[in-house]
Amino acid sequence: MSAFDKIIGYKQAKHELAQIADTLKNGEVYKALGVSSPRGLLLHGVPGVGKSLMAQCLIEESGR
Ligand SMILES: Nc1ncnc2c1ncn2[C@@H]1O[C@H](COP(=O)(O)OP(=O)(O)OP(=O)(O)O)[C@@H](O)[C@H]1O
Ligand SMILES: [Mg+2]
């Protein structure tokens, strides 16, 4: 069960957010591979399409 399961649809966006969450959770592993976490993320879309929900899920999943 992933925090992202709360989001209906947006398969590609969820996949990308899950990858970012993984870099945040396992920073040392990625650092050894020369991969860094993004320092910021911009979600855009009309009101009510789930941007805040996605941000909340990213926080939950990454533990930040
Ligand atoms: N894809 C989705 N899956 C599940 N719930 C959703 C989805 N999109 C929106 N919701 C629900 O609809 C409501 C509005 O979503 P949210 O607040 O995330 O929108 P927003 O894009 O941040 O809007 P705004 O631009 O006004 O800030 C929330 O209760 C959210 O959980
Ligand atoms: Mg919002």
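In this text, all values refer to a predicted model and were calculated from it rather than measured experimentally. All values below were derived from every heavy atom in this structure, side-chain atoms included, with hydrogens, water molecules and symmetry-related copies excluded. Each ligand, and each atom within it, is numbered from 1 in the order the structure gives.
- Listed by chain and residue number, I7, C57 satisfy the side-chain contact (heavy atoms from CB on, under 4.5 Å) test with L53 (two or more places apart in sequence, or in another chain).
- Within 4.0 Å of atom 13 (C) of ligand 1, not a single protein heavy atom is present.
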Tabulate below the donor-acceptor pairs under 3.5 Å that side-chain atoms of residues 29-49 make, not counting sequence neighbours, or state none.
{"unit_1": "Y30", "atom_1": "OH", "unit_2": "D22", "atom_2": "OD2", "d": "2.5"}
{"unit_1": "S37", "atom_1": "OG", "unit_2": "T23", "atom_2": "O", "d": "3.3"}
{"unit_1": "S37", "atom_1": "OG", "unit_2": "T23", "atom_2": "OG1", "d": "3.0"}

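- Counting only non-hydrogen atoms, the option in G9, P47, G50, S52 that gets closest to atom 22 (O) of ligand 1 is S52.
- Distances under 2.8 Å from the Mg ion (ligand 2) pick out the protein N/O/S atoms S52 OG.
- Under the 4.0 Å distance rule, the nearest protein heavy atom to atom 9 (C) of ligand 1 falls inside the cut-off.
- At the top of the distance list for atom 1 (N) of ligand 1, counting protein heavy atoms only, stands I8 O, 2.8 Å.
- Shown here for F4 and A18, the closest heavy-atom pair between the two residues is CE1-CA, 3.6 Å.
- At a 4.0 Å heavy-atom cut-off, ligand 1 does not touch M54 at all.
- Below 4.0 Å from some heavy atom of Y10 lie the following atoms of ligand 1, by number and element: 1 (N).
- Within ligand 1, the atoms closer than 4.0 Å to a non-hydrogen atom of K6 are 3 (N), 4 (C), numbered from 1 in the order shown.
- Distance from atom 6 (C) of ligand 1 to its nearest protein heavy atom, with residue and atom name: L53 CD2, 3.5 Å.
- Protein heavy atom at the shortest distance from atom 25 (O) of ligand 1 is K51 NZ, 2.7 Å.
- Taking a 4.0 Å cut-off on heavy atoms, G45 fails to register as neighbouring ligand 1.
- Within the structure, salt bridge (Lys or Arg N to Asp or Glu O under 4.0 Å) contacts touching residues 55-64 (residues at least two apart or in different chains) are K6-E60, K25-E61.
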